[in-house]
Amino acid sequence: MKTEFIPIDYDYFDFEGRNYIKIIGKTEKDKRICVIDSCDVYFWAILKEKIRQKEIEKLIEKISKIKLDVKGRQTKVEKIQICSKKFMGKEITALKIFATNYKDLHDIADKLGMPEIEKRRGYDLGFISHYIIEKNIVPLCWYKIEGDIIDNTTEFNGIANSFDVDFCIKAENIVPLKKEEFSPKVLAFDIEADEFKIGEGEILMISLVSENFKKVITWKKCKGKEFPDVECVKDEAELLERFAEIVKEISPDFITGYFSDGFDLPYIKSRADKCKIKLNIGVDGSSIKFSKGIMTTSHINGIVHIDLLRFIQTAYSQYMSSETLSLNEVANEFLGERKKEFEFKHSSKISGDEWEKYFEYNLHDSVLTYKLFKKIWPDLLEFSRIMQEPVFDVSRNGMSRNVEDYILHNLSKFNEIPEKRPTYDEIGERRKRGKYEGAFVLGPKAGLYENLSAFDFTSSYGSVIVTYNLSRSTFLEKPEENSYSTEISNKKVYFSKSPGFFPQMLKEIIEKRRIYKDELKKKPDAIKRARSNAFKLLANASYGYQGFFGARYYCEEAAAATASFARRAIKEAMEKTNNAGFSVIYADTDGFAFTLNKNSKQKTLDFLKKLNSELPGIMELELEDFYKRGIWVTTRTGEFGAKKKYALISEEGKLKIRGFETVRRDWCTLAREMQNNVLLMILKEGNEKNALEYIKKIVKEVKERKIDLKKMVIRTQMKKPLSEYKAITPHVIAARKMQEREIPFSAGSLIEYYISETTTGNKSKLIRDKVKLVDENGEYNLEYYLKHQILPAVENILQVFNVDIHVILDGKKQMTLGEF
DNA sequence: GACTGAACTATACC
DNA sequence: ACGGGTATAGTTCAGTC
């Protein structure tokens, strides 16, 4: 039997003590296929230097005799090879020790306490990763496979017969194909339940959306009236059974939800248990499975479950403008569509005609989730192909884990043996380390500037790591001549000039990023965009990776040296810029802004070329833009120019605002909108005149209570469980009020409240004692909003023009508390 | 009870 | 526990006078 196939989901099982991989994939004819394969199982024993051949042979003989009987398995060392390998860039001799079962490698490694053995490595990758590396069967890439069909046979105790697939193949030969296109079958779903806590309320309805398929299943208010796309069942138990049936009927490659790892699937399972319903939706007939770490992960055998929220969190959130990652905001940003409006009520309080709206709301959530999946699919696909790990894992891993997967899957090009994961104690030690010196930030002189430009280092920290060869394996314990050297916390560190595998891999990542970015410019498509983006994210995360305590290739010295070399680079570039007749106004980490003075744009570009010709290695500066005007303000105390706070306007009139209250979600809408308008007026017009009139108008409206309470709402995130707060802040009070009223929230929720006028008898000076929830009756606190929201938002901006806003509004300087 | 600096907290920048 | 360090600023807490 021969067929083309694309691997989607990986699993493994043991048969007669050996490991077998089970890949669920699709054929070119869109048949679901199960591929069973195996690979060599081994790990490495790295030998100490200068061990003689005779001693090695003795050692091999000893190790060959190792037999284990653990957990009812009999494992033994089956074969040993002597290999010339590299570990941390150093040439070493290693024994490749083959054994029966991957899960026992750790136990065998524990038996290798012989003095000739320096280190044991390569037993902690997990069997699936080990298999992918060993056989090079990369997820979501096409292969041609040859092998016997084992359906209706007794192979592996007839395991194939229990899989709900079109056919099962025992692989004989697998070769890669050039083909790339793959459009999976996707099913999106969403549930509505009465209680927020998992399993505590009844599931009222479940919506399901796939290609040419949409449906709401419900057992509520179904009699009599007919609703489009709504299927009625008898009760919750039947609802759950119908859900399982439809999943099996549609038989998707992917099932997707939004926060479905932590909500929808756990809820469904919990209710199914209560109703005594078996949800045998896995291809092997198994139910939903959960693994609980810091976050719950929900797994269905053979159908890849993707929680879009998890992937968006790691891959996108950094670059998104949404203030929360709610489905509503994310769908709006990615698709330009919002959720339907529906006011939540307990089902017992929903009246007859409201149900139809509820059904529509529920269905639309699945529609949005389905569309989001389709939109994000190219990124999931490319992440999986580039990291070479199953899309299930890649969609949930953080960026440091993605960097690590990329490294582990590319080590063989360097003949490198993988480093082990740090132990619990090692992580503890690393975490105890204090901070090292990070980025350089130039404090600006507050003011309004005209005719500006900005330069940035492209993939700044990444190109520093490549240029100066900074990594664990190139770090030199002792000073060496002809090495890269810099000072970190009064200590000199040295890095070899002989290219290390980490910087080399990163160099390739940055090059690929450049190539795909160029290709994308020439002929845009979603896959190129995703590929370019994935390499960009990898490049940006690799600096953080080397400084991350959980990393296999952790190297504090490399991380600190990266920051150090980057500081040097930006300072040198700034100095040259000043010397060339420009004036640097501000700098942060890897970019700086300056006024052109008498230089033309062309001269600026020529100067950029000259700067670049003088930069070492792959370091490169690029033009960010030219700006008509820019404003920098002082800190609140008024002593210095504030860092990380400025606004620029491009020649096309586009604003670039950083750090101001406008971009902070924990300020009320009124203050943010007003500040944004003030900045726009000032930067457009070059003076404060109109802005001042505008501010006066707003203040008047506030005093006359003409402002909608909605614009006064303050949103603050709960960063931890309510009980863990030491300081009782306004948002803690708001959360306590929510708790009393049984409004659901948890760590991570945005808490909404406003500051109200004091009721009679409340003499407290604390702001928290004036906190009211949004739906609580009351009036906004005039004094608070003027003094704590409106004025602070514009005070420092006007100070640039030597205008004291207090004088303008009250005719006198700001009163001290004593004067009140 | 007024005042002040430290502690706690959230959020942004790159 | 699930990249890093740098920075601003608000509110409360705890101590002093």
Side-chain angles (χ1 to χ4, degrees), chain A residues 293-295 297 310 313-314 318-319 323 396-404 421-422 424 427-428 430-431 433-443 456-457 459-461 537-538 540-551 553-554 556 558-560 562-564 566-567 570 586-592 624 633-637 640-646 656-667 714-720 724-733 750-751 755 763-771 784 787-789 792-793 796 816-818 820:
Chain A
I294 200 162
M295 266 179 280
T297 291
R310 296 275 297 263
Q313 259 167 353
T314 53
Q318 223 187 320
Y319 304 94
E323 279 171 18
R396 288 170 175 81
N397 289 340
M399 276 314 291
S400 79
R401 181 59 193 268
N402 285 331
V403 171
E404 192 154 283
R421 275 200 299 262
Y424 184 82
I427 291 177
R430 292 173 183 185
R431 296 193 69 197
R433 154 185 81 74
K435 280 187 179 180
Y436 56 83
E437 188 182 348
F440 166 74
V441 187
L442 176 74
D456 278 351
F457 281 102
S459 298
S460 158
Y461 280 24
L537 288 173
L538 267 182
N540 289 347
S542 38
Y543 157 70
Y545 173 77
Q546 295 203 94
F548 169 51
F549 51 78
Y553 293 100
Y554 173 81
E556 177 199 337
T562 306
S564 165
R567 287 195 300 272
I570 195 164
Y586 178 65
D588 187 349
T589 313
D590 60 355
F592 56 97
E624 209 211 34
V633 299
T634 63
T635 60
R636 194 67 80 217
T637 54
F640 313 102
K643 297 169 175 179
K644 300 187 186 288
K645 214 172 181 187
Y646 60 90
K656 180 180 176 178
I657 300 180
R658 292 292 120 99
F660 275 110
E661 283 76 3
T662 295
V663 298
R664 293 182 62 95
R665 69 169 178 199
D666 57 346
W667 281 68
I714 297 166
R715 294 171 191 84
T716 312
Q717 192 184 28
M718 298 274 307
K719 298 289 244 187
K720 52 190 174 190
E724 285 175 24
Y725 279 88
K726 287 179 191 164
I728 311 306
T729 55
H731 83 293
V732 167
I733 294 295
L750 266 194
I751 307 295
I755 306 303
K763 283 177 196 162
S764 172
K765 278 190 178 145
L766 293 176
I767 293 159
R768 66 169 177 224
D769 293 325
K770 301 180 179 80
V771 165
Y784 174 80
K787 275 178 66 178
H788 294 254
Q789 295 276 332
N796 298 2
T816 63
L817 272 167
F820 259 105

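For the numbers below, each heavy atom of this structure counts, side chains included, while hydrogens, waters and symmetry mates do not. Proteins get letters first, then strands, A, B, ... in listed order; numbering begins at 1 in each.
Judged by closest nucleotide on DNA chain C, A/A541 is the one of A/A541 and A/Y784 placed further toward the 5' end.
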Given A/R715 and A/E323, is the salt bridge (Lys or Arg N to Asp or Glu O under 4.0 Å) satisfied, shown in steps?
CA-CA 10 Å; A/R715 294 171 191 84; A/E323 279 171 18; 5.9 Å; no
Should A/K644 and A/D588 be marked as a salt bridge (Lys or Arg N to Asp or Glu O under 4.0 Å) after you check the CA-CA gap, both sets of side-chain angles, and the distance that decides it?
CA-CA 8 Å; A/K644 300 187 186 288; A/D588 187 349; 2.7 Å; yes
Step by step, work out the side chain to side chain contact (heavy atoms under 4.5 Å, CB included) result for A/R665 and A/Q717.
CA-CA 9 Å; A/R665 69 169 178 199; A/Q717 192 184 28; 2.9 Å; yes
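The aromatic rings of A/Y725 and A/H731 lie perpendicular to each other, with more than 60° between the two planes, well past the 30° mark.
Taken from CD in A/E404 to CZ in A/F548, the straight-line distance is 8.5 Å, to the nearest 0.5 Å. Between the OH atom in A/Y545 and the OH atom in A/Y553 there is a gap of 7.0 Å [rounded to 0.5 Å].
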For each nucleotide in nucleotides 8-14 of chain B, reading 5' to 3', give B when a protein heavy atom comes within less than 4.0 Å of its base, S when such contact involves only the sugar-phosphate, and - otherwise.
SSBBSBS
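Residue A/G550 is out of contact with every strand shown, counting any heavy-atom pair closer than 4.0 Å. The residue A/Y436 sits close only to the backbone: its heavy atoms come under 4.0 Å of sugar-phosphate atoms, none of a base. Base contact: A/I294 has a heavy atom under 4.0 Å from a base atom. Contact annotation for A/E437: backbone-only contact, meaning every heavy-atom pair under 4.0 Å involves sugar-phosphate atoms and none involves a base. Residue contacts for A/I427: at a heavy-atom cut-off of 4.0 Å it reaches no nucleic acid atom on any strand shown.
Considering all non-hydrogen atoms of both residues, A/R768 and A/I728 come closest at NH1-O, 2.8 Å.
The side-chain heavy atoms of A/N540 and A/Y461, taken from C-beta on, include no pair separated by under 4.5 Å.
Chain A approaches DNA chain C over the interval C/dA1 to C/dC13, counting the first and last nucleotide 5' to 3' with an atom under 4.0 Å from its heavy atoms.
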